[in-house]
Number of protein chains: 2
Amino acid sequence: MRSPAELSTEFRSLGLKVTPQRQLLFRLLHDNTSHPSAEALFDIASNQMPGISLRTVYQTLTDLALMGELQSFDFGNGAARFDPNTGAHHHLVCTACGEVADVYVDGADRLHLAGGSGTDGPDGFDGFVVASTDIVFRGRCANCCDDPSAAASRPAEATPPGGSHSPQFTDPALPTRRKP
Amino acid sequence: MRSPAELSTEFRSLGLKVTPQRQLLFRLLHDNTSHPSAEALFDIASNQMPGISLRTVYQTLTDLALMGELQSFDFGNGAARFDPNTGAHHHLVCTACGEVADVYVDGADRLHLAGGSGTDGPDGFDGFVVASTDIVFRGRCANCCDDPSAAASRPAEATPPGGSHSPQFTDPALPTRRKP
DNA sequence: TTGGCGATCTGCATGACATGCAGATACGGT
DNA sequence: ACCGTATCTGCATGTCATGCAGATCGCCAA
Ligand SMILES: [Mn+2]
Ligand SMILES: [Mn+2]
Ligand SMILES: [Zn+2]
Ligand SMILES: [Zn+2]
């Protein structure tokens, strides 16, 4: 996405207002490679602007995505992740800690599709017209490889003491029965 | 996933019970290529077994996934989709109607990753060890290409008259403001 | 600089999806 | 047919996201 200054100009030119909340989010998102969720962004924003509302973070993220300044992804980690990198790229997703990293795939556009049923269409497959391609590599990030235990203790995201309420990123286990 | 008969044997051999609810779901899932959500499966199951509980559908799907008989995917359509096709394959997802179709990608395993930052690791990238690769092609299915209007009226899933409560699959629009 | 229109913010309600829980039920070995 | 226990069902709870309405404030004009 563009710089905070450019976004401010763009917003004004569209008749939208440049509020301090929006400016803060512009800054927090610019060059941000962490693929934050709305709530993660809200936590950081709350530090610099204590009264800011989670609702406003959602609104602004939605607006920016609608304007094409942000991409939003759902990696199945419970919450949507937002990405100011609007170029064509793909992602590594750690199944242990949820971390997301950018990756550039050589030849992602020239993937050859082979049939499930039917014949190829003009621009796609079986009449399906492909608009975009998302590639997600799932595995374990460097931190989580080192630490064979469950969720890695990444800096600035140590284990929540009060008790975790976020989805478990532990790798799949074998069939487990309910408690007796 | 395996046949209902094989699954019954497998369940019993694990000390799990073969209930009519499970048998029904085995049948509904076997060779099912529709990538149903839990609720979609529940609707169909309810026809053949009126009292069945949505909770049981979730339980059984979770158990089958844990046993490796099913894959579950989250395409960002609101609900997880379940897939008895456990082989390596990828997906076409219609952004207009939510339909999911299998697709086989030539050379998906030999994708060449290029850096975001850092050096390649032994088995992956920048210390990231890839365990699986998911490729999703988003676009419009044949039905939705024909019908330029919004959600296509697929058979057996006509527009809910009472009022839609599922995510809008309409393609992204331009920045829209709230009502005055 | 001040006035005022209307977009925006905030707080709360509502909604979709998924899981935890406990008593009633029924599978399956005996 | 009996019994132990896995399972089912109904409901409560939890998370993420959006709808709503009154208070607030950005921004253009006078
Ligand atoms: Mn990215
Ligand atoms: Mn599939
Ligand atoms: Zn990790
Ligand atoms: Zn479609």
Side-chain angles (χ1 to χ4, degrees), chain A residues 8-9 11-25 36-43 45-46 49-66 72-82 98 160 163-168 175-180, chain B residues 8-9 11-25 36-43 45-46 49-66 72 74-82 98 160 162-168 175-180:
Chain A
S8 296
T9 301
F11 266 60
R12 265 189 273 260
S13 77
L14 289 174
L16 307 181
K17 298 180 177 177
V18 177
T19 66
Q21 291 88 348
R22 283 175 172 171
Q23 288 175 303
L24 171 58
L25 292 171
S37 66
E39 312 231 11
L41 209 55
F42 169 71
D43 289 341
S46 293
M49 187 182 288
I52 194 172
S53 157
L54 175 59
R55 192 68 183 79
T56 295
V57 175
Y58 273 108
Q59 291 275 26
T60 302
L61 288 171
T62 299
D63 290 345
L64 286 170
L66 240 25
S72 81
F73 296 99
D74 186 342
F75 298 116
N77 283 340
R81 302 298 203 98
F82 294 86
S164 166
H165 43 66
S166 56
Q168 310 304 319
T176 307
R177 299 290 85 225
R178 265 71 66 185
K179 70 183 57 170
Chain B
S8 296
T9 301
F11 266 61
R12 267 190 270 260
S13 77
L14 288 173
L16 307 180
K17 297 180 177 177
V18 177
T19 66
Q21 291 88 348
R22 282 174 173 171
Q23 287 175 305
L24 171 58
L25 292 170
S37 65
E39 313 230 9
L41 210 55
F42 169 70
D43 289 341
S46 295
M49 186 181 289
I52 193 172
S53 156
L54 175 59
R55 192 67 183 80
T56 296
V57 176
Y58 273 109
Q59 292 275 24
T60 303
L61 288 171
T62 299
D63 290 345
L64 286 170
L66 240 26
S72 81
D74 186 343
F75 297 116
N77 283 343
R81 302 297 205 97
F82 295 86
S164 166
H165 42 65
S166 56
Q168 308 306 318
T176 307
R177 300 289 85 227
R178 266 71 66 187
K179 71 182 57 169

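Reminder, nothing fancy here: chain letters follow the sequence lines and each chain counts from 1. The model shown is predicted, which means the values in this text are computed figures rather than measured ones.
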Item to complete: Please confirm whether any donor atom in the side chain of B:Arg55 sits under 3.5 Å from an acceptor in the base of C:dG20, or the reverse.
Response: yes

Worksheet item: Which heavy atom in B:Val18 sits nearest to a heavy atom in B:Ser8, and how many Å separate them?
Response: CG2-O, 3.5 Å

Got a list of protein N/O to nucleotides 26-30 of chain C N/O distances below 3.5 Å?
unit_1 : atom_1 : unit_2  : atom_2 : d
C:dC27 : O2     : B:Lys17 : NZ     : 2.8
C:dG28 : OP1    : B:Arg12 : NH1    : 3.3
C:dG28 : OP1    : B:Val18 : N      : 2.7
C:dG28 : OP2    : B:Arg12 : NH1    : 3.3

Worksheet item: Atom CG of A:Leu64 and atom OG of A:Ser72: how far apart are they, to the nearest 0.5 Å?
Response: 11.5 Å

Worksheet item: Are A:Gln21 and C:dT10 close enough that a side-chain N or O sits under 4.0 Å from OP1 or OP2?
Response: yes

Practice prompt. Say whether, by atom type as modelled, one donor and one acceptor occur between the side chain of B:Arg22 and the main chain of B:Lys17 under 3.5 angstrom.
Written response: yes

Worksheet item: In whole Å, what is the span from the CZ atom of B:Arg81 to the P atom of C:dC17?
Response: 11 Å

Worksheet entry | Nearest-Å distance for atom pair CG/P, residues A:Leu14 and D:dC28 | 13 Å

Discussion item. Given C:dT19, C:dT10, D:dT9, identify the nucleotide with an atom nearest to the side chain of B:Ile52.
Written reply: D:dT9

Worksheet item: How close or far is atom C1' of C:dT19 from atom CZ of B:Phe42, stated in whole angstroms?
Response: 16 Å

Discussion item. By nearest atom, which of the nucleotides C:dG11, D:dC16, C:dC17 is closest to the A:Glu39 side chain?
Written reply: D:dC16

Worksheet item: What heavy-atom pair brings B:Asp74 and A:Gly76 nearest, and what distance separates the two atoms?
Response: OD2-CA, 3.6 Å

Worksheet item: Can you check the A:Met49 CE to C:dC9 P distance for me, whole Å?
Response: 10 Å

Item to complete: Work out which heavy atom in B:Ile52 is nearest to a heavy atom in B:Phe42; give both atom names and the distance.
Response: O-CE1, 3.1 Å

Worksheet item: From the list C:dT10, D:dC16, D:dG10, which nucleotide is the closest neighbour of the side chain of A:Tyr58?
Response: D:dC16

Worksheet item: Does D:dT9 have OP1 or OP2 sitting under 4.0 Å from an N or O in the side chain of B:Thr56?
Response: yes

Worksheet item: Do you know which of B:Leu61, B:Leu54, B:Thr60 makes side chain to side chain contact (heavy atoms under 4.5 Å, CB included) with B:Tyr58?
Response: B:Leu54

Response to the item:
In whole angstroms, the gap separating P of D:dA17 from CG of A:Leu61 amounts to 10 Å

Worksheet item: C:dG20 P sits how many Å from B:Gln59 CD, rounded?
Response: 9 Å

Worksheet item: Between atom CG in A:Leu54 and atom P in D:dT18, what is the gap in whole Å?
Response: 11 Å

Worksheet entry | Nearest heavy atoms of B:Thr56 and B:Leu25, plus distance in Å | O-CD1, 4.4 Å

Discussion item. Output the rounded distance in Å from CG (A:Leu41) to P (D:dA17).
Written reply: 12 Å

